[in-house]
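Data block below; observations after.
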Amino acid sequence: MSGGLHSRRCGVVVSVSVRVPPPFSGWSLSLYPGAGEAGGCFIAAGERRHSVGVKGAAADPERAAHEAGRRAKSRLRRYCAHNRLNRLGTLTYGPPRCTDPRELRVHVASFFRQLRAVRGKPFPYVWVPEVHKDGVHFHVHFAVGSFIPRGQIDTAWGRGWVHIKQLNDLPVGSGAMAESRVAANYLSKYVSKSFLDTGNGVIRPPGLHRFDVAQGFKPSVVKVPGTSRDEVIEHASGAMGGRPARLWTSDEVDDWKAPPALWLQWDGR
């Protein structure tokens, strides 16, 4: 398909032919090789996909919140797996304890900034805030992917107590990727809780993320198009060097109302 584009140069109208690609119809898969994961759906010709709640209130706020939480958990899982974040830690406050979510972020930013300085280079990490059972005071859950001496962590925090452990109680041969997925599952429950409301208002004020990560370590993505579900699975499997260990399709859901969808996951080291 082509169209005409006109421009005026030095008083002369120039007609330029522009080729417009035909509408895409088929499967589109987003493959994250470093995270060993892929997901996508079928897109009908001419279909435009919109984000929920970009402007104005969502038609179904409960569903919008659920979808936002699901997407956040997926991003968290891919980031952890891609960077092999298999060490979980908790930062707890001593007196005076923190009750301000914005102040909390200042403290945590300072914590990781000091760790980067003492290590001499940036490193991947993710952290999630949690409110104590009293509904007022904060503590922090985080994950890293390499050994950091306990003394360096204690000194960098300096506001209370620290607990950290490596997730090595999985079956023999599981590897760092499997461990990092366990870490992501652990942190995901706090990602959901960070959106809860309390009698004192919203725990997470507008503009603050559900979780934060180190910049520069985002998983790379490869787009895999295809005319059928089997085709994109084959292309993705070829890129990953083998068939996925886990495969989910929307056919498994009886009342699925969205476009046909697909999710794949590979094991790795």
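Because only heavy atoms are used, hydrogens play no part in the values below, and waters and symmetry mates are left out as well, while side chains stay in. Note that the structure is a prediction, hence the values are computed from the model and not measured.
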Under 3.5 Å: donor-acceptor pair, side chain of [X], backbone of [Y]:
{"X": "Trp266", "Y": "Gly242", "value": "yes"}
{"X": "Ser74", "Y": "Arg70", "value": "yes"}
{"X": "Asn83", "Y": "Leu85", "value": "no"}
{"X": "Trp157", "Y": "Gln152", "value": "no"}
{"X": "Arg84", "Y": "Cys80", "value": "no"}

(message) Among His137, His132, His107, exactly one meets ring-ring contact (aromatic ring centres under 6.0 Å, His included) together with Tyr93. Which residue is that?
(response)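 It is His107; the other options fail the test.
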Is there a side chain to side chain contact (heavy atoms under 4.5 Å, CB included) between Ile153 and Ile164? Walk through the geometry before answering.
CA-CA 9 Å; Ile153 299 176; Ile164 189 165; 3.8 Å; yes
So, do [X] and [Y] sit near enough that their side-chain heavy atoms are less than 4.5 Å apart?
{"X": "Glu179", "Y": "Gln166", "result": "yes"}
{"X": "Phe147", "Y": "Pro149", "result": "yes"}
{"X": "Glu37", "Y": "Trp263", "result": "yes"}
{"X": "Gln265", "Y": "Pro244", "result": "no"}
{"X": "Leu91", "Y": "Val162", "result": "yes"}

So, taking the atom named [atom1] in [X] and the one named [atom2] in [Y], what distance separates them when rounded to the nearest 0.5 Å?
{"X": "Asp255", "Y": "Lys257", "atom1": "CG", "atom2": "NZ", "answer": "4.5 Å"}
{"X": "Ser228", "Y": "Phe42", "atom1": "OG", "atom2": "CZ", "answer": "10.0 Å"}
{"X": "Arg229", "Y": "Asp251", "atom1": "CZ", "atom2": "CG", "answer": "4.5 Å"}
{"X": "Ser28", "Y": "Leu262", "atom1": "OG", "atom2": "CG", "answer": "11.0 Å"}
{"X": "His163", "Y": "His139", "atom1": "NE2", "atom2": "NE2", "answer": "12.5 Å"}
{"X": "Leu88", "Y": "Ser180", "atom1": "CG", "atom2": "OG", "answer": "10.5 Å"}

Between Tyr186 and His141, is the side chain to side chain contact (heavy atoms under 4.5 Å, CB included) condition met? List the steps.
CA-CA 9 Å; Tyr186 178 83; His141 302 278; 3.9 Å; yes
Donor-acceptor pairs under 3.5 Å, side chain of residues 214-223 to any protein atom, not counting sequence neighbours: which ones?
from   : atom 1 : to     : atom 2 : distance (Å)
Gln215 : NE2    : Val213 : O      : 3.4
Lys223 : NZ     : Ser30  : OG     : 2.6

Checklist entry - Of all residues at least two apart in sequence or in a different chain, which pass the side-chain contact (heavy atoms from CB on, under 4.5 Å) check with Ala261? => result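 By the side-chain contact (heavy atoms from CB on, under 4.5 Å) rule, Ala261 matches Cys41, Trp248, Ser250, Trp256.
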Sorted by chain and number, sequence neighbours left out, side-chain hydrogen bond (donor to acceptor under 3.5 Å, both in side chains) with Asp154 holds for Arg150
Linked, directly or transitively: [X] and [Y] (ILVMFWY side chains, under 4.5 Å):
{"X": "Met240", "Y": "Leu247", "value": "yes"}
{"X": "Tyr32", "Y": "Tyr79", "value": "no"}
{"X": "Phe111", "Y": "Val106", "value": "no"}
{"X": "Ile148", "Y": "Val108", "value": "yes"}
{"X": "Leu115", "Y": "Leu104", "value": "yes"}

Of all heavy-atom pairs between [X] and [Y], which one has the smallest distance, and what is that distance?
{"X": "Thr90", "Y": "Phe142", "value": "N-CE2, 3.7 Å"}
{"X": "Met177", "Y": "Gly34", "value": "CE-O, 3.5 Å"}
{"X": "Ala143", "Y": "Leu187", "value": "CB-CD1, 3.9 Å"}
{"X": "Ala236", "Y": "Val224", "value": "N-CG1, 4.4 Å"}
{"X": "Ala156", "Y": "Gln114", "value": "O-NE2, 3.5 Å"}
{"X": "Ser146", "Y": "Arg87", "value": "O-CD, 3.4 Å"}

How would you list, by chain and number, every residue that makes a salt bridge (Lys or Arg N to Asp or Glu O under 4.0 Å) with [X], sequence neighbours excluded?
{"X": "Asp267", "value": "Arg246"}
{"X": "Glu234", "value": "Arg243"}
{"X": "Asp254", "value": "none"}

Whether Arg119 engages the ring of Phe123 as a cation-pi pair (distance to the six-membered ring centre under 6.0 angstrom, angle to the ring normal within 45°) should be assessed.
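Yes; both conditions hold, so Arg119 lies above the ring face of Phe123.
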Walk me through whether Val191 and Leu76 qualify under side chain to side chain contact (heavy atoms under 4.5 Å, CB included). CA-CA 9 Å; Val191 168; Leu76 174 65; 3.6 Å; yes
Can you list the steps and then say if Phe112 with Tyr125 is a ring-ring contact (aromatic ring centres under 6.0 Å, His included)?
-> CA-CA 9 Å; Phe112 284 112; Tyr125 62 81; 3.7 Å; yes
Task: Chi angles and distances behind the side chain to side chain contact (heavy atoms under 4.5 Å, CB included) call for Arg105, Trp127 - done: CA-CA 10 Å; Arg105 281 158 174 79; Trp127 70 270; 3.5 Å; yes
* Asked: So, Asp134 and Arg97, do they make that salt bridge, N to O below 4.0 Å?
  -> yes
